[in-house]
Amino acid sequence: MSEEPILVEIKDGVCWITLNRPDKLNSIDSETMRRLYEVLDEVEDDPKVRCVVIRGSGRAFSAGADVDELMKLTPEEAEEISKKGHETMMKIYSMPKPVIAAINGYALGGGCELASACDIRIASEKAKFGQPEIKLGIIPGWGGTQLLARLIGVGRAMELILTGRIIDAEEAYRMGLVNKVVPHERLEEEVSELAKALASGAPIAMAEAKRLVNLGGSLEVGLDEEAKAFGRLFATEDSKEGFKAFKEKRTPSFKGV
Ligand code: COA
């Protein structure tokens, strides 16, 4: 029997999702994408999970869509694969829980798109990023043309997508593509600390914050949505606990109510 393409482990409120096709650099075929969506859908509704981490096994985060599968697609099938990818990226983007990408190595093509859909990216100094699809005569199809531009700006996204240039972790950091670069052997520990901190945060406030930051659109609509959410949060038990804990000089205990 073949190995599970996606491994899932939940501990201390954090769900660790591992892309697990190391001998294919965690390239994502249809079955891997289907399982990834399914797992994300489950954790979205699991009250035990308050933060999600996506990482890769072996030496890559993900080298992108499975090229062996891609090269056989008809135009209709390719559009379908693109839409399936969008569903997964949007599942991450709109999930009311923080999602961290722990990037241990190559994050290319669909791997870079997957990392871009996450909320925070922590990279090993060995990580490499890029959207090399143009070299195959195609374009990013799992949200890259949209997500990367939002993340690092139109000019930088345009350059990476048009040239297919691969960049190292330091350059990705300078571009704002990753939040932090850490020594390779410290990646898991750094991500674990961040994930635990996020998992102990106020869930409703974090969900509102994520939704608003990702909202896009006009400033007027964004500010209006922000004011409404700001007001709603004052009705939560967690906001009462947050203020009380501050006055009592202790760590708050948030329950998500
Ligand atoms: N799809 C399918 N298989 C892939 C893959 C992908 N996107 N990326 C890597 N692999 C496979 C290789 O074919 C190889 O399999 P094999 O041992 O059966 O030949 C294995 O993973 C290891 O990759 P390899 O190319 O030998 O490693 P490398 O260290 O020499 O190079 C990369 C690493 C990432 C530079 C190179 O694999 C690469 O360019 N991959 C494709 C990246 C890409 O274009 N992604 C976008 C796709 S739209």
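Bear in mind the structure is a predicted one, so any value in this text is a computation, not a measurement. Atoms within each ligand, like the ligands themselves, are counted from 1 in listed order.
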Next item on the list: Considering only protein heavy atoms, determine whether one is less than 4.0 Å from atom 19 (O) of ligand 1.
Entry: no
Item checked: Heavy atom of protein inside 4.0 Å of atom 26 (O) of ligand 1, strictly below -> no
Checklist line | NZ/NE/NH1/NH2 to OD/OE distance under 4.0 Å, Lys24 and Asp29 | finding: no
Item checked: ligand 1 versus Met71: contacting region, heavy-atom distance under 4.0 Å -> neither
Next item on the list: Looking only at protein heavy atoms, identify the closest one to atom 31 (O) of ligand 1 and say how far it is in Å.
Entry: Tyr106 OH, 4.3 Å
Check: How close do Ser62 and Ser27 get, heavy atom to heavy atom, and via which atoms?
Finding: OG-CA, 4.2 Å
Item checked: N/O separation below 3.5 Å, Val67 to ligand 1 -> yes
Note to self: Quiz question for you: does at least one protein heavy atom lie closer than 4.0 Å to atom 39 (O) of ligand 1?
What the structure shows: no
Checklist line | Side-chain ion pair, Glu225 and Arg211, N-O less than 4.0 Å | finding: yes
Check: Do Glu31 and Arg21 meet the salt-bridge criterion of a basic N to acidic O distance under 4.0 Å?
Finding: no
Checklist line | Nearest-neighbour protein heavy atom for atom 28 (P) of ligand 1, which is reported as residue plus atom name and distance | finding: Arg59 NH2, 3.8 Å
Checklist line | Donor + acceptor pair across side chains of Asn104, Ser124 (<3.5 Å) | finding: no
Item checked: Cationic N near anionic O, under 4.0 Å, Lys91 to Glu87 -> no
Check: Relative to atom 34 (C) of ligand 1, which among Leu108, Leu70, Ile28, Asp66 owns the nearest non-hydrogen atom?
Finding: Leu108
Check: So between Lys24, Lys128, Arg21, whose heavy atom ends up nearest atom 16 (P) of ligand 1?
Finding: Lys24
Note to self: For the 3.5 Å polar cut-off, considering only N or O atoms, please tell me whether Ala65 and ligand 1 meet it.
What the structure shows: yes
Check: Is there a side-chain contact between Ser116 and Leu177 (heavy atoms, below 4.5 Å)?
Finding: yes
Item checked: ligand 1 contact by Gln131, heavy-atom criterion under 4.0 angstrom -> no
Checklist line | Any Asp23 heavy atom less than 4.0 Å to ligand 1 | finding: yes
Checklist line | Single-linkage hydrophobic cluster, 4.5 Å side-chain cutoff, Ile6 and Tyr37 together | finding: no
Check: Starting from atom 5 (C) of ligand 1, which protein heavy atom do you reach first, and at what distance in Å?
Finding: Ser27 CB, 3.9 Å
Checklist line | Of the listed options Ala63, Gly109, Gly144, Gly64, closest to atom 45 (N) of ligand 1 (non-hydrogen atoms) | finding: Ala63
Check: Is Arg250 paired with Glu241 through a side-chain N to carboxylate O contact shorter than 4.0 Å?
Finding: yes
Margin query: Just to confirm my output: which protein heavy-atom neighbour is closest to atom 44 (O) of ligand 1, and how far is it?
Written below: Pro132 CG, 3.6 Å
Checklist line | Nearest non-hydrogen protein atom, atom 37 (O) of ligand 1 | finding: Leu25 CD1, 3.7 Å
Next item on the list: Start with the C-alpha distance between Glu38 and Arg34, add both sets of side-chain angles, then the distance that settles salt bridge (charged side-chain N to carboxylate O under 4.0 Å, His left out), and finish with yes or no.
Entry: CA-CA 6 Å; Glu38 195 173 73; Arg34 189 193 65 74; 3.0 Å; yes
Margin query: Using a strict threshold of under 4.0 Å (side-chain N to carboxylate O), is an ion pair present between Lys180 and Glu190?
Written below: yes
Next item on the list: Could you tell me whether some N/O pair between Glu133 and ligand 1 is separated by less than 3.5 angstrom?
Entry: no
